[in-house]
Structure formats: C-alpha cells, structure tokens
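Here the structure comes first, spelled out in structure tokens, and everything after it is commentary.
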Amino acid sequence: MTRLLDALHEPADLADAVRDAHGALSRHQLLGRAAALAAEVAGRRMVAVHAEPNLATVVAITAALLAGVPAVPLPPDAGELERAHVLNDSCAELILSDDPAAAGASALPVMPVSTPRTPGDVPAEPDPSAPGLVLYTSGTTGPPKGAVLSRAALAADLDALATVWRWTGADTLVHGLPLFHVHGLVLGVLGPLRLGSRLVHTGRPTPQAYAAASGTMYFGVPTVWSRVCSAPTAARALRAARLLVSGSAPLPVPVFDDLVALTGQAPVERYGMTETLITVSARADGERRAGQVGLPVPGVETRLVDDTGEELPTGDAIGHLQVRGGTLFDGYLRAGRPEPSPAADGWYATGDVAVIGTDGWHRIVGRASTDLIKTGGYRVGAGEVEDALLLHPRVTEAAVVGSPHPDLGEQITAYVVADDVTAADLVAFVADRLAAHKRPRVVHLVTALPRNAMGKVQKNVLR
Ligand code: MLC
Ligand code: AMP
C-alpha cells in the first residue's frame, strides 16, 4: 500500500498546497512542520487536536498521522461537558493547539503546533490496519461515541472518490467546512494530501468566499449550497469549476435546480456517514439526478433489508440500507480500544431508509430513528441535548426533535417542562455544555409532554 498522505511525500514541491484565510503552506513546508511535530508526538497512544478551521489544524492532524498516533479532533466550540467526555473517553494524552486554553477544565497538556522546530525525519509508515482518526459522533441516546477509522479505510475511501470524481493533482479543492468531521477533515484535508490537489480552506463556507477562491472542485453541505443560490452573483462565479459536490444531508431538489440554472452544472451528490465514510456517489463523468445520491463507489456494496433483516429486491421497495466494504470503521472506542464493529457478515446497518432502483441508483428516503437530527449537515443526537437540558436544576422533563427548517434542513426544537426559566436561559445553558450547533433553536415551554400508555414520550406528536 502507498503511504496514507501519499502526495505529501512527492519530491516536487507545490506552492500554496494548503491555504487558509490567513496564509499558505507549500507541500514541503507542511511536510517539514508536520514531521518535526510528529517527532514530539510519536509514541503517544492518542492525541487530541483542537480543530479550528485553519492551517495549524492541518499541520497537527498531518503530524499525528505521520507519527502513527491516532488523532481525535475536538470541535473548537465544544462546551465543557462535551470536551471532557471526548478527552476522557478517547484517553487522549495531550492536545495539539496554538491556544493554551484549549484544554479547558481538563488537566491535559497542550502542545503548541506553530512554534518553530528543528526539522525531523519523516517516520516510517505504520501498518494500514492501525487507527488513523477517532471521530466523535452522536447516537440516538447518551454522549457521542468515538468511531475508529483505520488508515486503510481512509485510504480506500479517498481512492474510491478519486476514481468517481476524477480527482487529481490538477485540482484545487475549495471548502470552508469544519475540520472535525468526515466531510471537512477526511475528504476536505486528507483528500488533497493523498491525491495531490491544492486545498483552499475559506474559514467559513460563505458564498462570497467560495466565489473568490477560483477552485476546480467545491465541497458543501446542502445549507451551504442553498446559501450560494441565494447569492446569484457568487453562484455564477462557480461556473468555471469542474465539480460541485454536495453531501452530509439531503440536497433539496429546488437547490439542485437552482445550482443548475446559476452555475450551468448539476451538483454531484454523494452519501456517507462517519462510520462508513462515503459509500455512494454520482460520477464526475456520468449522470446526476436531483433527489438521488448515485451508485456505490468502487469497493463498496449496498443492499436493502426489511424489518426482519430479509434482503429486498431492487426496484420500488423501501428498506433499511446496509453497506459493506473496505471503508467501514473498526468500531466505537471503549476504554481506549475499538470495540468490534457492529457489522454482521461485514454488512453495516446505516440507520438510513432508502430505495435502490433497478439501475442501481440510490435514493435516501430518511432515517429510521427520529432521534438523530441533521441540522446544517451536523448530526445531533436528541438524547445528548435532552441530557444537557435535564442538568438544569429547574428542568423536570425535556424532549428534543428535529423540525423542518428551510436553511438548515432540520432545526433542533426542544419541548421542556420547567419552572421559572426562559427559553433563552436554556439555550445558553446547553451552549455552555455542548458545541454551538447542538443548541436548540426553538424552545417550547410546556406543562407536560405527550406520553403513550407505556410512559414513553410520543415524539411523532411533537414533530
Ligand atoms: C446558531 N446560532 C444560534 C443558535 N444556533 N443563536 C442562537 N440560538 C441558537 N440556537 C447562531 C450561530 O452561532 C451563528 O452566529 C448564527 O446563529 C448563524 O448560525 P447558523 O445558521 O447555524 O449558520 P452558520 O453558523 O453559518 O452555520 C451553517 C453552516 C454550518 C452550514 C456553515 O452548519 C456548518 O458548517 N455545517 C457543516 C457541518 C458538517 O460539516 N457536517 C459534516 C458531517 S460528516 P455567528 O455569530 O457565529 O454568526 C458527514 C458525512 C458526510 O455527514 O456524508 O459528509
Ligand atoms: P454523519 O455521521 O454526521 O456523517 O451523518 C451521516 C448521516 O448523514 C447519514 O446516515 C445520512 O442520514 C445523512 N447523509 C449524508 N449524506 C447524505 C445525502 N447525500 N443525502 C441524504 N442524507 C445524507
């Protein structure tokens, strides 16, 4: 197998290999800085990276991967509760960050990323089966779980995407997505470092920043594309791009149509999740269909099963989507080690409900559980937000649902039984404990929650 960040090791330098809103690093500068930091990180069991959307995060993640030390990116705005959970659960030994306050209330040491260091040798490549990243992601209940992604899975997915998107060293990838999830980090940073394209990170994914960046490929979640379409001048500036890629949540058909009208090209939609990486996509040189996410990428198989686990035929049947292939995670982290993946026979149940046409095209119909909310492309577990609300001394009951939102897809909506507290107090209370995007947008203060005869909250009534 080649090295995970293969293109980073190419002898030819590449000016502006990685650019953020404040500056740029050439390929050799990035490799030099990351190798020097890797020498100090080597031998640790796990390092956390305070994942602000900037060059320091790219250097820190690269250093950990060069050192063969699994990296766990921390949302930079994670509240205390979430930060403490991720740091404890992952058994991270230190935090890589230029911000000395990045440890928050934890006692972990913070190692600066951007201080000058003597250049170090590039360490030998670890075994492909070794863990590369641990990405924390929400389940329906409880705090987020750390999905362990092997170096081999990361490499397999990026190579599959290189094939289906014709992604090469001639590309300049532009995005402004967060660097602690699959979309912005795995595809958006490791992709360019493996495949050799330039990366422009715009800091935030605004239409104006995208228009100014002159890329050949652009990544965005549907909220980003919807905002691009609301800024027609910016949208028209993307006409010269080779590929506009949407994912992480369903792209509404009107946004697909507006992109066609404004940019002269249909977006490529692709589907994936933290635990499986990107498994289904439209092709750069093939058809693109509004409301459909395409065909399995090379090396991935998909199937639908019914409620009893029986495989369904392709065609009109709606079923539970399962995926199998080399891009799957190793399992969730427990006590510092991955638990075996919950995949049976290699098939992983995505929790998404889908239709697979006789021509192999996939349409995602929705999620089986209402307790996973997708807001602005972020996956948020209702249970985690409910648990945070219940920590408030004046809250006696809380139920959280995703309600439709024109810009974010879904918005976090909380129904709360509480005395003598305002909705704004509760929003601020959650924001202190969890990442900002997990705050409820709407809080309904109610006298009771609707419950069924078993006492279970009837979320379908709330929705
Ligand atoms: C937000 N705000 C609130 C609030 N929630 N204010 C009060 N109460 C609340 N409840 C504030 C924000 O802090 C911000 O303030 C302002 O309102 C606008 O917030 P917003 O509408 O959420 O927009 P924005 O911050 O611009 O974020 C939109 C976004 C973001 C699209 C840029 O959601 C995003 O980056 N999404 C990407 C998620 C992602 O990468 N997912 C990939 C997962 S991996 P201020 O002051 O800051 O402006 C995956 C696999 C795969 O899914 O398939 O890819
Ligand atoms: P995450 O773990 O944050 O990566 O979220 C994964 C979930 O995002 C999937 O299980 C889907 O529900 C959703 N998702 C990702 N891409 C798409 C897409 N193109 N269309 C519809 N849903 C998507």
Quick one, Leu30 and Leu8 - any side-chain contact, counting heavy atoms below 4.5 Å?
yes
Sorted by first residue and then second, give each salt bridge (charged side-chain N to carboxylate O under 4.0 Å, His left out) pair with at least one member in residues 230-252; sequence neighbours left out.
Asp171-Arg242
Salt bridge check: are Glu287 and Arg289 linked by an N-O gap of less than 4.0 Å?
yes
Among residues two or more places apart or on two chains, list those pairs meeting salt bridge (charged side-chain N to carboxylate O under 4.0 Å, His left out) that have a residue in residues 30-44.
Glu40-Arg117
Can Thr2 and Arg194 be counted as having a side-chain donor-acceptor contact under 3.5 angstrom?
yes
Is the shortest side-chain heavy-atom distance between Thr163 and Val297 below 4.5 Å?
no
Quick test of your reading: applying side chain to side chain donor-acceptor pair (under 3.5 Å), list the pairs with at least one residue in residues 50-75, sequence neighbours left out, ordered by first then second residue.
Asn54-Thr57
Can you pull the ring pair (Phe, Tyr, Trp, His ring centres under 6.0 Å) pairs that have at least one residue in residues 169-188, sequence neighbours excluded?
His175-His201, His181-Tyr378, His183-Phe219
Heavy atoms, side chains only, cut-off 4.5 Å: are Arg439 and Ile412 in contact?
no
Between CG of Leu135 and CG of Leu333, what distance do you get to the nearest 0.5 Å?
11.5 Å
Taking Asp258 for its side chain and Cys229 for its backbone only, find out whether a donor-acceptor pair lies under 3.5 Å.
no
Counting N and O atoms only, with roles assigned by atom type, does the side chain of Asp13 sit under 3.5 Å from a partner on the main chain of His28, one being a donor and the other an acceptor?
yes
Can you establish whether the number of heavy atoms outside Asp121 located under 6.0 Å from its atom CG is more than 12?
no
How would you list, by chain and number, every residue that makes a salt bridge (charged side-chain N to carboxylate O under 4.0 Å, His left out) with Asp257, sequence neighbours excluded?
none
Judged by modelled atom types alone, do Asp99 and Ser97 share a side-chain donor-acceptor pair under 3.5 Å?
no
Whether Lys374 and Glu410 form a salt bridge (side-chain N of Lys/Arg under 4.0 Å from carboxylate O of Asp/Glu) is what I want to check.
no
Residues forming a salt bridge (charged side-chain N to carboxylate O under 4.0 Å, His left out) with Arg363, sequence neighbours excluded:
none
Is there side-chain contact between Pro222 and Ser246, with at least one heavy-atom pair below 4.5 Å?
yes
Any chance the side chains of Thr137 and Arg379 put a donor and an acceptor closer than 3.5 Å?
yes
